[in-house]
**Student:** 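Below is one structure. I have some questions about it.
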Amino acid sequence: MRLAVSQNGHVTPDAIPQAPPVVAIHGLVRRFGDFTAVDGVDLAVESGEIFGLLGPNGAGKTTTIKMLVTLLPPSMGTAQVGGYDIVRQAGQVRRLIGYVPQALSADGNLTGYENLRVFAKLYDVPRKEQKARVEEALDFMGLADAARRLVRLYSGGMVRRLEIAQTLIHRPRVLFLDEPTIGLDPVARRAVWNHLMALRALYGTTLFITTHYMEEAEELCTRLAIMNRGKIVALDTPEGLISQVGREDATLEDAFAHFTGDTLESGGTYKDVRNVRRTAGRLR
């Protein structure tokens with residue numbers, strides 16, 4: 001609520017300035033030739049949220065995230081992360097975010113500790129702080145005992161936790177996670193999310209995720225946007241989206257189908273399916 005002081009000196013609801021969204025997107029468009037992957041997206045994500053972006057394969061979710069983390073320039077529109085423009089101030093954006101992509105980002109021929117030392121250097125962590133930061137990240141993600149083992153010997157859940165640990169070296173304000181639990185068994189998925197929730201509780205980190213696991217999205221996300229064919233077609237809390245289906249026994253999966261007209265397995269191209277299955281196979 002915002003408060004204002006009226007002419008008679010009373011404080012009234014309407015004006016204490018609220019903190020601006022940590023992610024603000026206005027009319028974001030990304031084209032690849034004649035194909036429009038992201039088509040005029042508007043979103044605002046508040047600091048500390050767990051914000052979920054849902055949609056069929058090929059809906060534009062990963063492309064949206066790649067623009068927000070400055071890996072792809074937008075064709076049109078603007079976006080700010082932490083108050084910085086993703087195009088004009090890309091360097092500042094990179095310094096305050098973390099990014100866990102679908103594709104495997106850990107080097108299996110290095111130990112967990114060595115992987116994190118590489119990221120500490122990439123993030124320009126002062127040399128005298130690198131060892132402590134690496135050990136802190138490994139301990140936080142429950143990997144201290146496996147720090148000296150080669151990553152190719154890790155389980156899928158351990159690899160994902162290491163990839164998240166890599167992003168924690170510089171203590172990001174916003175953590176973008178593209179299908180963070182893809183290919184993991186339920187126990188490993190729960191372990192990953194327990195660590196992410198602890199991260200949010202400890203540091204107030206904003207989590208911006210994509211997922212195809214509806215139960216995961218319903219349980220963990222404060223708000224959800226459903227994307228289809230490059231557009232945001234629904235935005236609400238999980239409960240709010242379910243209520244719009246119009247059935248007492250409706251689930252989030254029903255809401256997904258209601259707003260997209262698709263099943264969870266539809267959408268996307270051969271390349272999309274190949275990439276998702278390749279990532280899932282590596283994490284097993």
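In this text, all values refer to a predicted model and were calculated from it rather than measured experimentally.
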**Student:** Aromatic rings F140 and Y203: how do their planes relate, parallel, tilted or perpendicular, breaks at 30° and 60°?
**Tutor:** tilted
**Student:** Kindly say whether Y213 contributes a backbone atom to a donor-acceptor pair with the side chain of T211 at under 3.5 angstrom?
**Tutor:** yes
**Student:** Assess whether side chain to side chain contact (heavy atoms under 4.5 Å, CB included) is satisfied between T251 and I242, documenting all intermediate values.
**Tutor:** CA-CA 6 Å; T251 64; I242 293 169; 5.7 Å; no
**Student:** Would you kindly say whether S105 and E163 are connected by a side-chain donor-acceptor distance under 3.5 Å?
**Tutor:** yes
**Student:** Look at the side chain of T36 and the backbone N and O of D39, then say whether any donor-acceptor pair between them is shorter than 3.5 Å.
**Tutor:** no
**Student:** Can you confirm whether I164 sits close enough to H195 that some side-chain heavy atom of one is under 4.5 Å from a side-chain heavy atom of the other?
**Tutor:** no
**Student:** Are the side chain of T205 and the backbone of R200 linked by a donor-acceptor contact shorter than 3.5 Å?
**Tutor:** no
**Student:** If hydrophobic clusters are built from ILVMFWY residues whose side chains come within less than 4.5 Å, do I97 and V22 share one?
**Tutor:** yes
**Student:** Looking only at atom types and distance, does a side-chain atom of K61 sit under 3.5 Å from a main-chain N or O of P56, one as donor and one as acceptor?
**Tutor:** yes
**Student:** Could you tell me whether the side chain of E218 and the main chain of E215 form a donor-acceptor pair under 3.5 Å?
**Tutor:** no
**Student:** Using side-chain hydrogen bond (donor to acceptor under 3.5 Å, both in side chains) as the criterion, point out the one residue from R190, E216, R160 that pairs with T181.
**Tutor:** E216
**Student:** Does the ring centre of F176 sit less than 6.0 Å away from the ring centre of F208?
**Tutor:** yes
**Student:** Where do A188 and G157 come nearest, in terms of heavy atoms and distance?
**Tutor:** CB-CA, 3.9 Å
**Student:** With distance as the sole test, does N228 use its side chain to make a donor-acceptor pair with the main-chain N or O of T260 at under 3.5 Å?
**Tutor:** yes
**Student:** So L220 and M197, side chain to side chain contact (heavy atoms under 4.5 Å, CB included) or not? Walk me through it.
**Tutor:** CA-CA 9 Å; L220 299 166; M197 296 295 284; 4.1 Å; yes
**Student:** With a distance cut-off below 6.0 Å to the six-membered ring centre and an angular limit of 45° from the axis, does R30 pair with F32 as a cation-pi contact?
**Tutor:** yes
**Student:** Grab the two heavy atoms, one from A217 and one from P238, that are nearest each other, plus how far apart they are.
**Tutor:** O-CG, 4.1 Å
**Student:** Does D145 CG have over 12 foreign heavy atoms under 6.0 Å away?
**Tutor:** no
**Student:** Check for me whether R149 meets the cation-pi criterion with Y154, that is, NZ or CZ under 6.0 Å from the six-membered ring centre and within 45 degrees of the ring axis.
**Tutor:** no
**Student:** Give a yes or no on whether a salt bridge exists between R247 and D254, defined as a side-chain N under 4.0 angstrom from a carboxylate O.
**Tutor:** yes
**Student:** Do any N or O atoms from the side chain of T206 and from the backbone of V174 form a donor-acceptor pair under 3.5 angstrom?
**Tutor:** no
**Student:** Could you grab the distance from atom CZ of R223 to atom CG of L241, nearest 0.5 Å is fine?
**Tutor:** 10.5 Å
**Student:** Can you measure from CE (M227) to OG1 (T210) and round to the nearest 0.5 angstrom?
**Tutor:** 11.0 Å
**Student:** Indicate yes or no: at least one non-hydrogen side-chain atom of L224 is less than 4.5 angstrom from one of L252.
**Tutor:** yes
**Student:** Could R95 and Y123 be counted as a cation-pi pair, given that NZ or CZ must be under 6.0 Å from the ring centre and within 45° of the axis?
**Tutor:** no
**Student:** Please check this pair: side chain of Q130 against backbone of V125, looking for a donor-acceptor N/O pair closer than 3.5 Å.
**Tutor:** yes
**Student:** Which heavy atom of W193 sits nearest to which heavy atom of P180, and what is that distance?
**Tutor:** CZ2-CG, 4.4 Å
**Student:** What's the separation between atom OG1 in T111 and atom CG in L143, rounded to the nearest 0.5 Å?
**Tutor:** 11.5 Å
**Student:** Roughly how far, to the nearest 0.5 Å, is the CG atom of L168 from the CZ atom of R161?
**Tutor:** 12.5 Å
**Student:** Do V151 and D107 touch side chain to side chain, with heavy atoms closer than 4.5 Å?
**Tutor:** no
**Student:** Under 3.5 Å, is there a donor on one side chain and an acceptor on the other for R94 and T70?
**Tutor:** yes
**Student:** Shared ILVMFWY cluster between V87 and L28, side chains joined below 4.5 angstrom?
**Tutor:** yes
**Student:** Do Y84 and I25 belong together in a cluster built from hydrophobic side chains that touch within less than 4.5 Å?
**Tutor:** yes
**Student:** Passes side chain to side chain contact (heavy atoms under 4.5 Å, CB included), L199 versus L175? Steps please.
**Tutor:** CA-CA 10 Å; L199 173 68; L175 183 53; 3.7 Å; yes
**Student:** For the hydrophobic clusters of this structure (ILVMFWY residues joined by side-chain heavy atoms under 4.5 Å, transitively), does one cluster hold both L53 and L71?
**Tutor:** yes
**Student:** Taking the side chain as every heavy atom from C-beta outward, state whether V45 and P21 have any atom pair closer than 4.5 Å.
**Tutor:** no
**Student:** Mind listing the closest non-hydrogen atom pair of A165 and A137 along with its distance?
**Tutor:** O-CB, 3.8 Å
**Student:** Please tell me if the side chains of T167 and V100 come closer than 4.5 Å, counting only heavy atoms from C-beta onward.
**Tutor:** yes
**Student:** Look only at the side chain of D139 and the backbone of E135, and say whether a donor-acceptor pair between them is shorter than 3.5 Å.
**Tutor:** no
**Student:** With heavy-atom distances below 4.5 Å as the criterion, would you say the side chains of L162 and M141 are in contact?
**Tutor:** no
**Student:** Is there a side-chain contact between L235 and L43, using heavy atoms and a 4.5 Å cut-off?
**Tutor:** yes
**Student:** Do you know which two heavy atoms are closest between V245 and A255, and how far apart they sit?
**Tutor:** CG2-CA, 3.5 Å
**Student:** Taking C-beta and beyond as the side chain, do T62 and D178 meet within less than 4.5 Å on heavy atoms?
**Tutor:** yes
**Student:** For the atom pair SG (C221) and CG (L54), what is the distance rounded to the nearest 0.5 Å?
**Tutor:** 7.0 Å
**Student:** Spell out, yes or no, whether M76 and I86 are grouped together once hydrophobic residues are joined by side-chain heavy atoms under 4.5 Å, including indirect joins.
**Tutor:** no
**Student:** If we ignore hydrogens and angles and just use 3.5 Å, is the side chain of S155 paired with the main-chain N or O of M158 as donor and acceptor?
**Tutor:** yes
**Student:** From L196 CG over to I50 CD1, what is the distance, rounded to the nearest 0.5 angstrom?
**Tutor:** 8.0 Å
**Student:** Between E179 and H212, do the side chains contain a donor N or O and an acceptor N or O under 3.5 Å apart?
**Tutor:** yes
**Student:** So, K131 and E136, do they make that salt bridge, N to O below 4.0 Å?
**Tutor:** no
**Student:** Is there a side chain to side chain contact (heavy atoms under 4.5 Å, CB included) between V134 and I169? Walk through the geometry before answering.
**Tutor:** CA-CA 6 Å; V134 166; I169 295 294; 4.0 Å; yes
